[in-house]
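Data first, discussion second: the structure below is written as C-alpha cells.
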Amino acid sequence: MKRVFVTRKIPDEGLDLLREKCEVKVWEEEVPPPKDVLLEEVEQVDGLLCLLTDPIDSEVLEAAQKLKVVSTYAVGYDNIDLQKARELGIVVTNTPGVLTEATADLAFALLLAAARSIVSADQYTRAGRWKSWGPRLFLGQDVFGKTLGIIGAGRIGSAVARRARGFDMEILYFNRSPKPELEKELEARRVELDEILQDSDFISVHTPLTPETEKLIGPREFSLMKKTAVLVNTARGPVVDQKALAEALEKGEIFAAGLDVFEEEPIYEDDPLLQNPRVVVAPHIGSATFSTRNRMARMAALDLIAVLEGKKPDNPVN
Ligand code: DGY
C-alpha cells in the first residue's frame with residue numbers, strides 16, 4: 001500500500017478517501033510538524049498532503065526517497081519550491097476554485113468591518129462604555145457608491161468585485177493581463193497600480209505571493225492612498241509591508257485595514273497593528289467555512305490519489 005503523510009488533521013472527507021487507498025499517517029497537533037519531523041516523515045512516503053504553513057523547500061523535497069506528489073490543502077503554493085519539485089519529478093497540486101466565494105465573503109466582511117469599526121464598537125459596547133447615542137460615536141467610511149480597487153483580478157479578486165457591484169461601487173483593477181469578462185460584466189476598468197492607490201476608497205489585495213509581489217504595497221504606495229482609504233488583505237501577508245502599514249495608519253495616511261494574513265503567522269503579540277483600533281484582524285480564515293474546507297479536503301485527497309495511481313491530477317501546478 002502507498003504511504004501518505006498528512007501534516008494536519010484535515011476534514012474527514014479527505015482523510016477517509018486517503019485511508020481507502022493508502023496507509024495514512026496524520027500529524028495530529030494544532031501546530032505544524034517541526035522541520036526535523038517533516039524531514040523524517042517525508043523520507044519514506046509516496047505522497048505528502050501539506051498545508052500552507054509547511055515549508056516544502058529543497059531540503060524537504062530532497063529528503064524524500066520516493067515521493068511522487070505534494071498535494072497542498074490551499075490555493076496558494078508559495079510555501080513550495082516548485083522548481084525543485086519539477087527537477088525531482090514530483091507533482092504538486094493545489095485546491096483552486098472551491099474556496100473562491102468563501103474567501104471573497106471574508107474579504108468583504110473585513111472591508112465592511114474596517115470601514116465601520118465594527119470590532120472596536122463591539123468591544124466598546126460589551127465593556128459597558130456606551131453611555132448614550134453619540135453624534136460623533138464611531139464615525140466610519142461610506143461603502144455604498146464608493147470606488148473599490150482590486151489588486152490581482154483572479155478568481156477571488158473578481159468574486160470580491162462582484163460583491164461590490166451590489167454596493168454600487170465603481171471597480172478598478174490592477175492585473176498583468178486584461179480581464180474582458182470583468183470589464184463587460186461589472187464595467188471594471190483596468191488601470192496602473194498608482195491609479196488604484198490614488199483613486200480607490202477601498203483596496204483589496206488578491207495577488208499571489210511571488211518575488212515580484214513581495215512588499216508590493218510599501219511606504220510609497222501608502223503615501224499615494226486617500227487618507228480615508230481602507231486596505232484589505234486576504235491574499236498573503238508579505239505582499240504588504242506590515243511595518244509600513246502600521247506607520248501609515250499611525251500617521252493617518254489611510255483610515256483603516258482589514259487583515260486576514262500577515263508577514264509572520266501567527267502575528268507577533270506585540271505587533272503595533274494589534275494595538276490599533278482601526279485594524280480588524282482574523283487568523284487566516286478566508287476559506288474557513290465547513291463546506292469549503294470539506295471540498296478542499298476532498299480535492300486535495302483525490303489529486304494525491306490520482307498521481308499515486310498514475311493518473312493525471314485535476315489541479316497540477318507544476
Ligand atoms: C489558500 O488556500 O491559499 C488560503 O490562503 C487558505 O485557504
Side-chain angles (χ1 to χ4, degrees), residues 2-8 10 14 18 22 24-27 29 31-97 99 152 154-156 176 205-216 233 235-242 261-266 284 286-287 296-297 299-308 310-318:
K2 301 281 190 203
R3 289 172 68 181
V4 171
F5 182 55
V6 183
T7 64
R8 217 81 62 76
I10 62 166
L18 290 173
C22 315
V24 181
K25 183 164 177 189
V26 180
W27 178 256
E29 307 293 320
V31 294
K35 187 75 174 277
D36 57 328
V37 172
L38 194 54
L39 287 170
E40 200 184 308
E41 293 295 346
V42 88
E43 210 180 320
Q44 291 309 323
V45 294
D46 305 277
L48 175 67
L49 197 150
C50 69
L51 270 59
L52 55 92
T53 43
D54 305 309
I56 311 300
D57 55 18
S58 58
E59 195 186 359
V60 171
L61 293 169
E62 274 167 357
Q65 308 280 308
K66 50 178 188 163
L67 189 64
K68 294 277 173 303
V69 53
V70 174
S71 172
T72 186
Y73 181 70
V75 65
Y77 42 82
D78 46 275
N79 57 317
I80 303 172
D81 186 337
L82 281 193
Q83 200 179 324
K84 180 53 74 181
R86 207 173 293 127
E87 260 170 58
L88 297 171
I90 299 169
V91 178
V92 178
T93 64
N94 70 339
T95 62
L99 46 75
R155 291 187 193 86
I156 300 172
R176 260 194 314 208
V205 178
H206 299 285
T207 181
L209 174 63
T210 64
E212 293 77 47
T213 63
E214 188 164 356
K215 292 203 188 332
L216 182 69
N233 188 5
R236 284 292 181 267
V239 176
V240 175
D241 179 335
Q242 207 160 294
V261 291
F262 304 90
E263 283 182 358
E264 291 294 333
E265 295 185 4
H284 203 150
S287 62
M296 287 166 69
M299 203 167 179
L302 287 175
D303 263 0
L304 186 144
I305 293 165
V307 178
L308 294 189
K311 298 179 195 146
K312 216 173 148 311
D314 286 336
N315 306 288
V317 295
N318 61 343

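Because the structure is a prediction, the values reported are computed rather than measured.
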When rounded to the nearest 0.5 Å, the distance separating CG of D57 from CD of E62 is 9.0 Å
Keeping D303 on the side-chain end and P313 on the backbone end, is there a donor-acceptor pair under 3.5 Å? no
Next on the checklist: Can a donor-acceptor pair be found, under 3.5 Å and without considering hydrogens, that links the side chain of T213 to the backbone of L216?
Outcome noted: no
Exceeds 12 heavy-atom contacts within 6.0 angstrom, atom CD of Q44
yes
For V239 and P208, the nearest pair of non-hydrogen atoms, with its separation, is CG2-O, 4.3 Å
Separation between CG (L88) and OG (S58), nearest 0.5 Å, reads 9.0 Å
Checklist entry - For L48 and V69, what are the C-alpha separation, side-chain angles and deciding distance, and is it a side chain to side chain contact (heavy atoms under 4.5 Å, CB included)? => result CA-CA 6 Å; L48 175 67; V69 53; over 6 Å; no
Separation between CG (L82) and CD1 (I56), nearest 0.5 Å, reads 11.5 Å
Exercise. Got P96 and R155 here, is their nearest side-chain heavy-atom distance under 4.5 Å?
Worked result: yes
The reported gap from OG1 in T7 to CG in L52 (rounded to nearest 0.5 angstrom) is 9.5 Å
Q | Audit row: V24, V26, side chain to side chain contact (heavy atoms under 4.5 Å, CB included) steps and yes/no | A | CA-CA 6 Å; V24 181; V26 180; 3.9 Å; yes
One should read off an interatomic distance between R86 CZ and L61 CG, to the nearest 0.5 angstrom, of 12.0 Å
**Message:** For the backbone of A74 and the side chain of T95, can you confirm whether one donor and one acceptor N or O come within less than 3.5 Å of each other?
**Reply:** yes
I'd like to check P34 versus W27 (side-chain heavy atoms, cut-off strictly below 4.5 Å). Are they in contact? yes
Original post:
Are R236 and D78 ion-paired here, with the side-chain N under 4.0 Å from a carboxylate O?
Top reply: yes
How far apart are the C-alpha atoms of M296 and L99, what are their side-chain angles, what is the distance that settles it, and do they pass the side chain to side chain contact (heavy atoms under 4.5 Å, CB included) test?
CA-CA 7 Å; M296 287 166 69; L99 46 75; 3.7 Å; yes
Exercise. If we only count heavy atoms from C-beta on, is the K25 to V6 side-chain gap below 4.5 Å?
Worked result: no
> Can a donor-acceptor pair be found between the side chains of N315 and N94 at a distance below 3.5 Å?
Replying inline: no
P55 and V60 have their tightest heavy-atom pair at O-CG2, 3.6 Å
Residues pairing under side-chain hydrogen bond (donor to acceptor under 3.5 Å, both in side chains) where one sits in residues 64-77, two or more places apart or in two chains, turn out to be S71-T93
CG of D54 to CZ of R8, rounded to nearest 0.5 Å, is 6.0 Å
- Query: Any salt bridge between K35 and E40, counting N to O under 4.0 Å?
  - Reply: no
Here the pair of heavy atoms bringing V70 nearest to C50 is CG1-SG, 3.8 Å
Say whether, by atom type as modelled, one donor and one acceptor occur between the side chain of E263 and the main chain of G237 under 3.5 angstrom. no
Would you indicate whether E265, at its atom CD, is surrounded by more than 12 heavy atoms from other residues, nucleotides or ligands within a distance under 6.0 Å? yes
Given the rule in the side chain to side chain contact (heavy atoms under 4.5 Å, CB included) test, do V4 and L308 qualify, once you have shown the distances and angles that lead to the verdict? CA-CA 10 Å; V4 171; L308 294 189; 4.0 Å; yes
*Does the N79 side chain pair with the main chain of L51, one donor and one acceptor, at a distance under 3.5 Å?*
yes
Do D314 and L302 touch side chain to side chain, with heavy atoms closer than 4.5 Å? no
